[in-house]
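The structure appears below as structure tokens.
Counting starts at 1 for both ligands and their atoms, following the listed order. Values below: all heavy atoms of this structure, side chains included; hydrogens, waters and symmetry mates excluded. Because the structure is predicted, anything quoted here is derived from the model rather than measured.
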Amino acid sequence: MARMEELFGINVFNDAVMQKRLPRETYKALHKTIDDGRPLKPELASVVANAMKDWAIEQGVTHYTHWFQPMNGVTAEKHDSFISPREGGRIILEFSGKELVHGESDASSFPSGGLRATFEARGYTAWDPTSYAFIKDGVLCIPTAFCSYGGEALDAKTPLLRSMEALNKQAVRVLKLFGRDATHVTSTVGPEQEYFLVDRKLYDQRKDLIFTGRTLFGNKPPKGQEMEDHYSGAIKPRVKAFMTELDEELWKLGVLAKTEHNEVAPAQHEMAPIYSVTTIATDHNQLTMEMMKKVALRHGLVCLLHEKPFAGVNGSGKHNNWSMSTNTGYNLLNPGDDPASSAQFLLFLTAMIKAVDVHADLLRISTASAGNDHRLGANEAPPAIISMFLGDELTAIVNSLISETEYHSAARKDLEIGVTVLPKFPQDNTDRNRTSPFAFTGNKFEFRSLGASASIADTNVVLNTIVADVLMEFADILEKSEDFKATLHNLIVKTLREHSRIIFNGNGYSAEWLEEAQRRGLPNFPSTVDALPHMMDQKNLDLFARHGIFNQVELRSRYEITLESYTKIVNIEAETCLMMAERQIFPACAKFAGEMGRIVKDVKACGVEPVAEMKLLQKVTQRNAILFEAIDKLREAIRSALHTPDALANARYEHDVVIPAMEAVRTVADDLETLVGKEFWPFPTYDDLLFNV
Ligand code: ADP
Ligand code: MG
């Protein structure tokens, strides 16, 4: 155990290290900067940079990098060494305050959407002192935000920092009205990360896994997840070794890796960290995904983070557990048990309900990607329609407020806000509805629509901003009120009445829910191309502008990038599908048919009628003919792809024409897989991939 404690944060320039290594005054000043979100003084930066460099060099580090999160979902780094030339051909090791605080980067090599045309190609990175520097692969990494010279956000971090500030501002206003002395509120996130592990040697034989991260062909194995014996079952030794090493690597980086377990599907697993401030959780989730991939390779495994690596078995998501906490140590979504805090809790809960109802479109949009389209709206939890699960107890409270009737529970208390003690409901109160996209789980909301491979930044920008927006509206009303209690009561009741349609505790898979949701007027965007156009709705432009998160150009650039990336992904999949079908599957089936033909001839020569062999030969050649046609159609679909300036039209084409063409190829190829002898099949099948770790 002592070893674990020593290991934790060993590669992080964290508070303890800073306290030890920085002059007292510098440490205090830096803290003040971080706590108050103020810009760093240059003198201060030099001292910090120097201490950071000395600390890093002692650990054998030679290079540093500004570590940032461009809009392609992954992290970027450009390594510079500490060396600086001196007379006589000597060098010294240097790291200036300026180098710590500010870096230049060629923005043109990262996606920038419309911003590229509008602004110059250069971008700069700026140190985010709220996130600790760390050492990864012998390089000192400085977490930074990435902007254009005009200040437009070119990354995932900048809007996230802006949204944290917006939430802080409005939540503190509301808390003040309740007489709280909190001066700072942050959102907190614990992202549960799902992933698959497959054997490296098998992976290497599948072009689809290599190029697209998912299988484009393959039938569900005889045994899938129906026995429910994988979830939290015993962990196999090779996976266990992987998890142990992953934990160690993450602990070294200060990531609070906590829970490791098997998931529902065979070969699927999950890692959940202990929650932290959203910006940190976002950085750490990026590091987690990177480490999962790296560590897997060391064990002869490949970690698949794709949302749907295998058809017919569960895909991988990320559960974004979200709450808000004060610098005085309170979780604002904790129902609590004193009267004042229950009124306060009800107000924050009401704000969440309104935020999710009014901006369900944005939450859906924030999770939209080509990969995640295979989960959301594709008969897998959760559905594409955003709704909220509150559980029986909380729903009963909401309903009694709406109807202004008495709340009947075991505790039986009148619900007059402000004087009422909320009944203490058990934290794991109900059956934990697993189909709901947005579920209250005792003292936080769990948003389950996120894709496994995506950065959690976009979703949390939306969550922070929409909650900030409603809190702003509430604070505006309450601050003006002469009778706080009455205004509060009316505000909660009125808001719940207007927005309770978002609450749904039933089965999100059912056909009835589809109809019911439509009747309630809840948006249903089954795919990325259905969802994305709404990003630019006036409501959303206004929302982001109001809180200084995105201006119109910034939002537009994100819209374009998401659609461009969708188009590129589907196109790569289509090209890979074509290549595999044309050069691997068709020839393999032809070869099998040839072999069958020889068998038919040989058997006939013995004077026996090869009835079954003939039938099989016919089946295979008929299907191979269909495959051949489907291949032609797919080739044509790829060739005719749109390259218009309209990103949405291009993406729609992929969705409407290319994906169905790929599906047609897959359907017949999967059928052939069941007919053609195993030794003829050109690559490992699902039963190999899913049961060989
Ligand atoms: P389950 O798998 O049942 O959904 P887990 O225990 O695996 O639950 O994950 C719950 C996650 O929620 C953990 O990452 C945990 O740290 C996080 N969490 C707990 N409290 C909060 C909070 N106040 N804010 C954000 N996340 C939280
Ligand atoms: Mg969960």
Side-chain angles (χ1 to χ4, degrees), residues 8 160 163-164 167-168 171 182 184-195 228 230-233 235 243 246-247 250-251 254-265 268-289 292 314 316-336 341 344-345 348-349 351-352 355-356 381-382 388-391 394 426-450 452 456-457 459-464 467 508:
F8 190 80
L160 186 60
S163 72
M164 294 294 283
L167 180 68
N168 170 42
H184 201 92
V185 171
T186 56
S187 62
T188 51
V189 168
E192 302 162 55
Q193 175 74 48
E194 292 180 331
Y195 60 96
E228 295 170 348
H230 192 254
Y231 184 74
S232 296
I235 299 172
M243 287 177 173
L246 175 66
D247 280 343
L250 292 175
W251 291 334
V255 178
L256 293 159
K258 172 85 173 163
T259 322
E260 301 268 15
H261 64 77
N262 287 351
E263 259 302 326
V264 203
Q268 192 185 28
H269 312 279
E270 180 188 290
M271 193 288 283
I274 296 172
Y275 72 93
S276 50
V277 172
T278 305
T279 40
I280 309 284
T282 305
D283 286 359
H284 282 180
N285 183 250
Q286 294 296 125
L287 287 173
T288 299
M289 292 194 284
M292 282 179 166
N314 262 21
S316 300
K318 201 135 43 184
H319 290 177
N320 193 79
N321 294 275
W322 192 93
S323 191
M324 293 166 276
S325 68
T326 67
N327 60 337
T328 46
Y330 288 102
N331 174 357
L332 298 178
L333 294 178
N334 191 337
S341 78
Q344 181 191 305
F345 166 75
F348 278 98
L349 178 74
M352 294 293 300
V356 175
M388 263 173 135
F389 169 84
L390 292 186
L394 213 47
Q427 293 253 313
D428 266 335
N429 53 339
T430 44
D431 53 1
R432 305 267 252 116
N433 184 319
R434 285 273 163 197
T435 69
S436 177
F438 207 98
F440 186 71
T441 50
N443 56 5
K444 61 186 185 296
F445 275 97
E446 181 170 351
F447 184 34
R448 301 175 174 139
S449 304
L450 289 77
I456 61 170
T459 284
N460 287 297
V461 168
V462 170
L463 274 170
N464 289 342
V467 176

Quiz item: Quick one: does ligand 1 sit under 4.0 Å from the side chain of Glu446, the backbone, both or neither, non-hydrogen atoms only?
Solution: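 For Glu446, the contact with ligand 1 is made by the side chain alone.
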
Quiz item: Where on His319 is there a heavy atom closer than 4.0 Å to ligand 1, on the side chain, on the backbone, on both, or on neither?
Solution: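 Neither; nothing of His319 gets under 4.0 Å from ligand 1.
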
Practice problem: Determine, using heavy atoms of Asn331 and all atoms of ligand 1, whether some pair is separated by less than 4.0 Å. | Solution: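 Yes, that is the case, since the closest heavy atom of the residue is under 4.0 Å from the ligand.
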
Examine [X] against ligand 1 and note whether any of their N/O atoms are separated by less than 3.5 Å.
X	result
Trp322	no
Asn443	no
Thr188	yes

Practice problem: State, with a plain yes or no, whether a side-chain heavy atom of Asn168 is found less than 4.5 Å away from one of His184. | Solution: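 Sidechains of His184 and Asn168: in contact.
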
Quiz item: Are any non-hydrogen side-chain atoms of Asn443 and Phe345 less than 4.5 angstrom apart?
Solution: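 A side-chain contact is absent here, since even the closest heavy-atom pair is not under 4.5 Å.
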
Quiz prompt | Where ligand 1 meets Gly190 - atom numbers and elements under 4.0 angstrom, heavy-atom basis | solution =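 Checking each atom against Gly190, I get 14 (O), 25 (C), 26 (N).
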
Exercise. Provide the number and element of each atom of ligand 1 under 4.0 Å from a heavy atom of Ile274.
Key: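 Under 4.0 Å from Ile274, ligand 1 has these atoms: 16 (O).
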
Quiz prompt | side-chain contact (heavy atoms from CB on, under 4.5 Å) partner of Phe445, the single match among Leu390, Leu463, Val356 | solution =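 The single option meeting the side-chain contact (heavy atoms from CB on, under 4.5 Å) with Phe445 is Leu390.
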
Sub-3.5 Å donor-acceptor pair from the side chain of [X] to the main-chain atoms of [Y], do we have one?
X	Y	result
Asn320	Thr459	no
Gln193	Ala452	yes
Ser187	Asn464	no
Glu194	Gly317	yes

Exercise. Measure from atom 13 (C) of ligand 1 to every heavy atom in Ala272, Pro273, Ala281 and give the option owning the shortest one.
Key: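 Ranked by closest heavy atom to atom 13 (C) of ligand 1, first place is Pro273.
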
